[in-house]
2 protein chains.
Amino acid sequence: MSSKGFKHDLFSQFARVGKAISNANRLELLEFIAQAERSVDELATVAGLSVANTSQHLQQLRQAGLVTSRKQGLKVYYRLSGEDVIILLDALRDVAERHLAEVDKLVNTYLTVKDDLEPVAREDLISRARQGIVTVVDVRPAEEFAAGHVPGAINIQLAELEKHLDAFEPEQEIVAYCRGPHCVLAFDAVSRLRAAGLNARRLQDGYPEWKTAGLPVETQQQDTQ
Amino acid sequence: MSSKGFKHDLFSQFARVGKAISNANRLELLEFIAQAERSVDELATVAGLSVANTSQHLQQLRQAGLVTSRKQGLKVYYRLSGEDVIILLDALRDVAERHLAEVDKLVNTYLTVKDDLEPVAREDLISRARQGIVTVVDVRPAEEFAAGHVPGAINIQLAELEKHLDAFEPEQEIVAYCRGPHCVLAFDAVSRLRAAGLNARRLQDGYPEWKTAGLPVETQQQDTQ
DNA sequence: TGACTATTCAAGTAATCACTTGAATATATG
DNA sequence: CATATATTCAAGTGATTACTTGAATAGTCA
């Protein structure tokens, strides 16, 4: 029966995508690519891998259809091939978080702020931002912020957070976000802001999910290069 | 910095789930398990694998948190650990379908009915079934049907479809479904029904997706065993 | 043109994977 | 208790994976 072979061929194709997301380094690369288009050596640096190794991983991701690349001058830039990839990654995270005890342990060890307060839902943020009762803080690096961010958000690096504490009024509600649901930067920012007596919470998930939800984003013209 | 290690540990956990869905045979097992709780040798038979091999795959799936098992007498029954797993599998399928040319080619070669007519949306089926203007046909094996099906659906094996042709009125709209969006059975059924001059269409996706969408399901008491 | 840079290719190695085979555990039944 | 059945365990094999190293390709710029 030909359907037998068809089914197996089809599942083999699905498995190709599974293989692409079966390696921690590739998942980390995908998270970076989800923030902004990136060149190979930027990705290698940020992920802490050799350039050759990074290039090989990226080619696997491309062959699995998860990323596309374009060459501009000397550099090759990689980006996600679609928002369905973010949905897949979130589904993966979700399953791991629900069913793997190790994830819970890790999250509870490192993200201690977590249980403190529920994150702010994306929909809530829009309405509250519209009323002007909330300040949105994007704690990602400047390049990622420039490539796209929540409208009206201000970009503050974690290292410079303390310098900006005066800028916040005690009454003001602050919402911080970064790369995704488990990005340490936002957890860290919230905990420091609270330690300074401010009213801070995390946004649900991160920028890629915000964008994938179809919510408005703002980009910033890059003056450098 | 400890966050570096945390991030990598976390991605390693996500990668465990990725590994579980990185093999065609495991994906096939998951599709069967998604229909109904199954014992190891049922799964081995239906997937065409040796029992030992099947057992090993199932243990990998369990360690990745995708399935759970319970022992009853001599047999061990496996089931999905949650509906989030179906969401993950559908996200995987979706990415593969959108970005891998091979999937398109396979689908167009084997599921030629595909382009003919759009499948019926789940929401549409409910309202039309309520009006009694549609007959829903479940073409999966009897055990899978018994474990759960769309309310009011009748179970007809593909092999016996021809015998039941008289039971349908020419005016009646028929909607067929089976295991998932690429399940050949439903495509096959629709094409045969149409060949007989009947008005048949496929349901969007299959039973697991119907259930995961939170729509009502009907189960049938098994008299056997 | 030639020096320089970013990326990819190719070859090699240790680790892991999928599958087989045969034995070991449980659990049920006569 | 002995026997049969369902599942798991353990060891072995060939294939694949992740990563390294060093060379090959393109493209840029003086």
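Protein chains get the first letters and strands the later ones, always in sequence-line order, with residue 1 at the start of each.
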Think B:Arg202 forms a cation-pi with B:Phe187, using NZ or CZ under 6.0 Å from the six-ring centre and within 45 degrees of its axis?
yes
For B:Asp188 and B:Leu161, what are the C-alpha separation, side-chain angles and deciding distance, and is it a side-chain contact (heavy atoms from CB on, under 4.5 Å)?
CA-CA 10 Å; B:Asp188 222 354; B:Leu161 190 62; over 6 Å; no
How many whole angstroms separate atom CG of B:Leu29 from atom P of C:dA18?
12 Å
Heavy-atom pair of closest approach, residues A:Asn25 and A:His57:
CB-NE2, 4.1 Å
Quick check on side chain to side chain donor-acceptor pair (under 3.5 Å): which of B:Arg140, B:Glu218, B:Gln35 does B:His149 satisfy it with?
B:Glu218
On DNA chain D, compare the nucleotides closest to A:Ser22 and A:Gln72; which residue's is nearer the 5' end?
A:Ser22
Regarding B:Arg179 and B:Glu144, does a basic nitrogen lie under 4.0 Å from an acidic carboxylate oxygen?
yes
Ion pair present between B:Glu42 and B:Lys75, side-chain N to carboxylate O less than 4.0 angstrom?
no
Show, in sequence, the C-alpha distance, side-chain angles and deciding distance for B:Arg38 and B:Glu143, and conclude whether the salt bridge (charged side-chain N to carboxylate O under 4.0 Å, His left out) test is met.
CA-CA 10 Å; B:Arg38 292 279 202 174; B:Glu143 319 90 73; 3.7 Å; yes
Based on the rotation axes of five pairs at each end, what angle does the helix from C:dT1-D:dA30 to C:dG30-D:dC1 bend through, to 10°?
20°
Here the distance between atom P of C:dT16 and atom CD of B:Gln60, to the nearest Å, is 13 Å
5'-most to 3'-most nt of DNA chain D touching chain A (<4.0 Å, heavy-atom partner on protein side) reads D:dT17 to D:dT28
Atom CD of B:Gln56 and atom P of C:dC19 are separated, to the nearest Å, by 9 Å
Quickly work out the A:Arg70 CZ to C:dA6 C1' distance and round it to whole Å.
15 Å
Looking at A:Thr212 and A:Glu209, would you say the former's side chain and the latter's main chain have a donor-acceptor pair under 3.5 Å?
no
Closest approach to the side chain of A:Leu74, judged atom by atom: which nucleotide of C:dT20, C:dC19, C:dT5 is it?
C:dT5
Is any side-chain N or O of B:His57 closer than 4.0 Å to OP1 or OP2 of C:dC17?
no
For the residue pair A:Phe11 and A:Phe14, categorise the inter-ring angle as parallel (less than 30°), tilted (30 to 60°) or perpendicular (more than 60°).
perpendicular
Separation of C:dC17 atom P from B:Leu61 atom CG, nearest Å, is 13 Å
Nearest to the B:Lys71 side chain among C:dC19, C:dT27, C:dT7, which nucleotide is it?
C:dT27
Rounded to the Å, how far apart are A:Gln59 CD and C:dT7 C1'?
9 Å
